[in-house]
Protein chains: 2
Amino acid sequence: MKDPQHELLVDIRKQIVLHDVSTVSELSKITHVSFPTVKKMIDDMIEYGEVIEHGQHAPKGGRPAKSYRYNSTFRHCLTLYIEANEIHYRLIDCQNQIAEEGVSFVTGTHLETLGTLVDAFDQHTIKLGAISVGVAAAVDRGRIVFAPEYPSLAHLDLKNWLMDRTGLPVVIENDMNAAVYGFSKRDETSTHQSIVYLGLGKNGPGAGILVDGHVVRGQSGFSGEVSFLPLYDHASFYDRIKNKSYGPNVLKEEEIDAMGRLVATFAATLNPHAFIFSDVDLVLEDLPHINRACERYLPSRHIPVLHIGEWEEDYFSGLARLGIELMLETIQRGGV
Amino acid sequence: MKDPQHELLVDIRKQIVLHDVSTVSELSKITHVSFPTVKKMIDDMIEYGEVIEHGQHAPKGGRPAKSYRYNSTFRHCLTLYIEANEIHYRLIDCQNQIAEEGVSFVTGTHLETLGTLVDAFDQHTIKLGAISVGVAAAVDRGRIVFAPEYPSLAHLDLKNWLMDRTGLPVVIENDMNAAVYGFSKRDETSTHQSIVYLGLGKNGPGAGILVDGHVVRGQSGFSGEVSFLPLYDHASFYDRIKNKSYGPNVLKEEEIDAMGRLVATFAATLNPHAFIFSDVDLVLEDLPHINRACERYLPSRHIPVLHIGEWEEDYFSGLARLGIELMLETIQRGGV
DNA sequence: ATGACTTATTAAAATATTTTAAAAAGTAGA
DNA sequence: TCTACTTTTTAAAATATTTTAATAAGTCAT
């Protein structure tokens, strides 16, 4: 199962695609593998069209290095997320450039709609390398364990179902987890940070939690279920925000306090770098108020940075990242 | 810096010492390195006395395998923790067997006392491989960043100070982090779990947090500072437990509720497998009451398992594990 | 323009690792 | 006991990787 050559191949791919490393000697340093070995691998990849020579790298003193780039049309990735009545999808290349996007309306069950959608891409001229799926449900290793929005998916091993149907590698992720992961991958600095992403959602609030860059899943799939937090003598977090008017707007004082307490709760436990609210729920103007509310409970230097995230973009970014990583890990030598 | 041979050596050591793997073919499978390569390494280790041939492994069908064990007198590890007025220490072998233990009373500053203590082991006949230190302070990569109990250590890079003084590898860890790590390493099943370890302490409560087996440190060293949790309209967690009588005893109703809310807070955020209270603070009888209090806030299947930990043993176990791991990672080939 | 310096690439030699095949050492059943 | 089977160990051959040295291609200062 563990093939060191394949691991090196994947490592090189990821460095080229995900971190813009483009010369052999840089790759050699980063992967801790010698120059000749990396070069041989790159030559192979060029031979079957996975990598393309791209000219010169900006020289810094000596002989300029040849620069290589990944062939972004080599494989594409299908990313999609499932909502109550629609499935949003994007066909992207390995750089997250959109080749095609659209919405499929759910007719019949969610499963049927999903099936016909992915079947359409089998005929497609573009070659797929992976499928990445987001759901508003609890997921355990590709299996849907709790799905209030879509009964046809409940308790289904969606990952294997899709893998059998398409023959492609598949990753399934919860919506909040995908969003927080996507947010964290926007810039390199936040990649290994701890971040909380809050969405108020139609079925009650939920949070995606990242600790040192890793998604927290919890013992029983209950992580991030912040509704239940006992923040008041006789009221939970949910009690104080359940009447919030739908859509992005300025919060009421009571809601501000609840948000401040929520942020304080995370600060005094995980002490994360950043706390993200969604643009579907809040406006920028709310943040200083929440920060001030939080300062009532603990010293301000321990309060995470507050942000407004772009929900759909973050969600799609997370799915894209998960799908692309999976794709880069699973392409075999020679592109088989 | 990255030497694949050394990595294999460390991997083999850890498997033998930490996971009781004793035959070459098992090692070969686990490390994904071929039989001849592992065998060569083992032969080397036998040559300079790090590993000893130990007879036959119980055969299961074919030719019985030779069995090897680690020479537990090869190197020892000094573990110690610093309190307000004393330093407790244990000299252990790689199996955490105690060779010597004792208490040093603090005379002068903590730093002076620590210095004379470690100097004593330089003369010792037993060869040291690492030093592991626990402190009731916030630690950032070996540096003491906040230390209410010992002014002489404040802002000191204790790790480098000790490394310079002794020439040995050193690890410094916060007390709660060490304890939760030690608890998690007691049995293999909990190694990759998420666990919270609460201590009420003299300087207010604090928690050590493990997520999927990794210690959570936080953005500003504030992780686990549960004192500040806003759990009531006008009171924090600390407000409700600050008057608790010292020592292990049966909690009052008000304290029970605070503990229940604390557990619920973690359940609705990290959703950990276990929540550990210390035998210094609580008695076994308190646990069902806390569990019932927690059930007021969320469904019982999401509540972590509640335990009473043995504080000093867990603390020392964590230090031992950290020290032994460090020792196994840093011994050079040939035992130099 | 020339020479000193820097970095990248190529080629060859030296190491290290894996694979394959054969031998050794046991068990279990006829 | 003999044979078939299993697993470990050893030995030899085949691969893969790194190291070393040589060469190529640039910059920069004079």
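Note on naming: letters A, B, ... go to the chains in the order of the sequence lines (proteins, then strands), and numbering restarts at 1 for each one.
- Distances shorter than 4.0 Å separate none of the side-chain N or O atoms of B:Gln5 from OP1 or OP2 on D:dT18.
- Using a 4.0 Å heavy-atom criterion, one finds that A:Thr37 contacts the bases of the nucleic acid, with or without backbone contacts as well.
- A straight line from NZ of B:Lys40 to P of C:dA16 spans 9 Å, rounded to a whole angstrom.
- Between A:Tyr89 and A:Phe121, the two ring planes are perpendicular [angle over 60°; tilted spans 30° to 60°].
- The 5' end of DNA chain D is approached more closely, in terms of each residue's nearest nucleotide, by B:Glu26 than by the other of B:Glu26 and B:Pro36.
- A:Glu329 and A:Arg13 are not joined by a salt bridge, as no carboxylate oxygen comes within less than 4.0 angstrom of a charged side-chain nitrogen.
- Distance B:Lys29 NZ to D:dT9 P: 11 Å, rounded to the nearest Å.
- Of the listed nucleotides (D:dT9, C:dT10, C:dA25), C:dA25 has the atom at the smallest distance from the side chain of B:Pro64.
- With distances taken from any side-chain atom of B:Val33 to the nucleotides C:dG26, C:dT18, C:dT9, the minimum falls on C:dT18.
- Distances shorter than 4.0 Å separate none of the side-chain N or O atoms of A:Ser34 from OP1 or OP2 on D:dT17.
- A:Phe35 has its CZ atom 6 Å from the C1' atom of C:dA8, to the nearest Å.
- Salt bridge status for A:Asp314 with A:Arg186: present, with a side-chain N to carboxylate O gap under 4.0 Å.
- Residue B:Leu8 contributes atom CG, which lies 11 Å from atom C1' of C:dA16 at whole-angstrom precision.
- Counted by atom type alone, A:Glu26 and A:Thr23 present one or more donor-acceptor pairs between their side chains at under 3.5 Å.
- Atom pair A:Ile42:CD1 and C:dT9:P shows a separation of 11 Å (rounding to whole Å applied).
- Contact annotation: B:Lys39 reaches the phosphate of D:dT10 (side-chain N/O to OP1 or OP2, under 4.0 Å).
- Note on A:Arg90 versus A:Glu313: salt bridge recorded, some NZ/NE/NH1/NH2 to OD/OE distance being below 4.0 Å.
- With rounding to the nearest 0.5 angstrom, the CD atom of B:Glu325 is 12.5 Å from the SG atom of B:Cys94.
- Computed from coordinates, the B:Asp43 CG to D:dT9 P distance equals 11 Å when rounded to whole Å.
- Looking at A:Asp43 and A:Lys39, a side-chain N of the basic residue comes within less than 4.0 Å of a carboxylate O on the acidic one, giving a salt bridge.
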Between protein and nucleic acid, restricted to nucleotides 22-24 of chain D and to nitrogen or oxygen atoms under 3.5 Å apart, what atom pairs and distances do you find?
residue : atom : partner : partner atom : Å
D:dA24  : N3   : A:Arg63 : NH1          : 3.3

